[in-house]
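Read the numbers this way: they start at 1 and go in the same order the structure lists the ligands and their atoms.
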Amino acid sequence: MKPLRLLAIAFAAAIIIAPQSAHAGDTDICIVPKPLSITDGEGSFAISSATRISIGDESLRRSAEMFAEDMSMELGGRMTVSDKKSRKSISLNLDQAMESEEYRLEVGRNGISVCGGSEKGVFYALQSLKQLIICASPTNGKAVLQAATIIDKPRFAYRGAMLDVCRHKFTTDEVKRYIDILALHKINTFHWHLTDDQGWRIEIKRYPELTQTGAMRKQTLVGRYRTSKDYDGTPYGGYFTQDEIRDVVKYAAERYITVIPEIEMPGHAVAALATYPKLGCTGGPYEVLTTWGISEDVFCAGSEETFEFIENVLTEVLELFPSEYIHIGGDECPKVRWKACPKCQRRISEEGLANEAELQSYFMKRIERWLNGHGRKIIGWDEILQGGITRSATIMSWRGTKGGIAAAALGNRVIMSPNTYCYIDYYQTEGREAAGEPLANGRRSVTMEKLYSFEPLEGLTEEQGGFIAGVQVNLWTEYIKTFDHAQRMLLPRLAALSEVGWSDRTRDLDDFRRRMRSLRRVYDREGYVYSTYFFDGTDTGPDTEPNNTNQ
Ligand code: ACM
Ligand code: ZN
């Protein structure tokens, strides 16, 4: 190679290698979750309703239109989306060389250029741009954005949030709003907990009684589980029709969120047993639970009818949910009934199983095999490790990270969702009751700072770390009756989770606080309800209901 050419290459390499991109914390630009890199540029660009959004690919039209609609309030009008290139526009393009969720967002004097590795990457770029616009405090329909280049992609492929609609049910519109909130935080998976002891919430056409008997409980415990003996005397129930579920799945897909349904087995199944007592070991009668905790009554693992029922249910579930993964629970399954059940004991001896833990493993593996045969894979809570799992099962580690670490050591895919960091049904201040928090689950607190400090790969070797697909927060709703309350538990803690799942390993709480002040403005603008402990040290007061007072 000629020396001059070598020199030119070395010069170009120096430009690339030189630290032209600041760490996201070194700039005034506020985005949560923190992008991979932000480089401040020269000058600024003003967006108004007259700015065009030009799409380089027809597949980007929907996101572009949604963005134009979304920003119309700020800009006092709707930006026009066009497939023609124009100057001083927001241009959206795909770049096959980038990873699917990756994007580059460049604000320059002559417009804004967005490139994504896929439609999803472009969607995430628009979430970041939305934060920039709102935080620029548009005046007279004009938002002036400082020039910058943002290069961004997630650390983990799986970023999830679970919502329990069994203990308390929310409307379809509320579930969609939950999904909107996830999208803002670049969360890509909505885990929908649809069946449990206290209610069956998914319509199954073959078993209409499930959403009559199984979806209704006679009444609900008032106050804290274990200490309270009060009930409200009011029947409670409801379910999602298959049309509503399809609507939610489509709505989520338009926001690049996969919905993973959870159908609980073999435990947390009393709503199903109350409907079909023959599916339990004792034959019942059973009642949909009116209180919380763990029931000793579970699906009978010795009965073929149980498997026939579950497979029929799953057949309809698969039609509704196109997700690669189906969550089949597996947590908190006491073995007392199986120990005393002749059918379960016969199964143990016929299958050559060592004990009831292996019977649970038999149960889960049998359903897994059926799902695999239908092109899907399973996720189960970490209890499914007991008695053995197949290589293709994903473990959702909730009792701390131990289960996740053990599963990763076996080479299984893992989602880290430890209660110690990721259970957002727990109190969110250390002071709890003293801070005026309404009744919440658990004895521990998961503060913003705690969740923000979570390191999903701690305790794992580099090789094991490769099996950690990502992270998730769980919102169980025993003590959460209204969607406002659900939002107060979700926000702002979801922002901390989003940063754990998306951004690099470094944590800077002061910088996070600074950026969260901007995100708070987005929450305000969207009308999201959030708790203010993290921002103000106190809370302005939730919709504390008689049922939600601490006692
Ligand atoms: C769980 O919290 N029982 C998974
Ligand atoms: Zn049995």
Side-chain angles (χ1 to χ4, degrees), residues 160-164 166-167 191-198 225 260 262-270 272-273 276-284 286 289 292-310 327-351 353 355-356 358-360 362-364 366 379-386 394-404 414-426 440-444 446 472-480:
M162 184 276 273
L163 181 65
D164 165 16
C166 302
R167 279 50 180 263
H191 167 178
W192 202 358
H193 185 78
L194 284 162
T195 72
D196 214 306
D197 298 319
Q198 294 81 8
Y225 175 60
I260 296 184
E262 182 182 0
I263 306 296
E264 273 269 21
M265 62 191 82
H268 287 288
V270 176
L273 302 188
Y276 301 113
K278 63 180 181 184
L279 301 179
C281 292
T282 66
Y286 307 100
L289 292 197
W292 321 126
I294 301 170
S295 171
E296 291 183 343
D297 288 308
V298 303
F299 281 122
C300 176
S303 160
E304 280 307 294
E305 280 178 281
T306 297
F307 292 97
E308 193 186 311
F309 168 80
I310 291 174
H327 201 308
I328 58 170
D331 59 320
E332 298 178 325
C333 179
K335 308 294 188 293
V336 272
R337 296 286 183 261
W338 290 358
K339 282 195 164 86
C341 171
K343 284 197 221 166
C344 285
Q345 291 305 313
R346 190 173 339 119
R347 177 86 73 197
I348 287 177
S349 83
E350 281 177 8
E351 296 290 332
L353 306 171
N355 51 32
E356 286 73 23
E358 287 196 8
L359 182 57
Q360 163 142 0
Y362 163 88
F363 196 118
M364 304 315 277
R366 183 164 163 178
I379 302 178
W381 299 107
D382 59 59
E383 285 93 331
I384 73 167
L385 280 164
Q386 294 158 17
T394 296
I395 297 298
M396 192 166 267
S397 188
W398 76 275
R399 296 175 301 172
T401 55
K402 286 187 315 290
V414 171
I415 295 155
M416 286 293 193
S417 189
N419 53 355
T420 39
Y421 291 93
C422 295
Y423 267 40
I424 53 169
D425 57 328
Y426 286 10
N441 223 355
R443 263 151 277 141
R444 280 176 281 224
V446 171
Q472 175 170 301
V473 283
N474 294 329
L475 186 48
W476 302 104
T477 57
E478 284 91 336
Y479 300 112
I480 299 170

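A 4.5 Å side-chain heavy-atom check between E332 and W381 finds every atom pair outside the cut-off. The shortest side-chain heavy-atom distance between Q198 and E478 does not fall under the 4.5 Å cut-off. In this structure, Q345 and E356 have side chains that are in contact, with non-hydrogen atoms separated by less than 4.5 Å. Residues D382 and W398 meet the side-chain proximity criterion, which asks for heavy atoms closer than 4.5 Å. Here the side chains of E264 and H327 are not in contact, with every heavy-atom distance at 4.5 Å or above. The side-chain heavy atoms of I310 and F363, taken from C-beta on, include a pair separated by under 4.5 Å.
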Inset, instruction - Under the side-chain contact (heavy atoms from CB on, under 4.5 Å) rule, what do M396 and M162 come out as? Steps first, then yes or no, please. - result: CA-CA 12 Å; M396 192 166 267; M162 184 276 273; over 6 Å; no
Inset, instruction - Before giving the answer on side-chain contact (heavy atoms from CB on, under 4.5 Å), spell out for I348 and W338 the whole-Å C-alpha distance, their side-chain angles and the decisive distance to 0.1 Å. - result: CA-CA 10 Å; I348 287 177; W338 290 358; 5.9 Å; no
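Here R347 pairs with E304 in a salt bridge; the nearest charged N to carboxylate O distance falls below 4.0 Å.
Sorted by chain and number, the heavy-atom contacts of ligand 1 below 4.0 Å come from D331, E332, W381, W398, Y423, W476.
Protein N/O/S atoms closer than 2.8 Å to the Zn ion (ligand 2): C281 SG, C300 SG, C341 SG, C344 SG.
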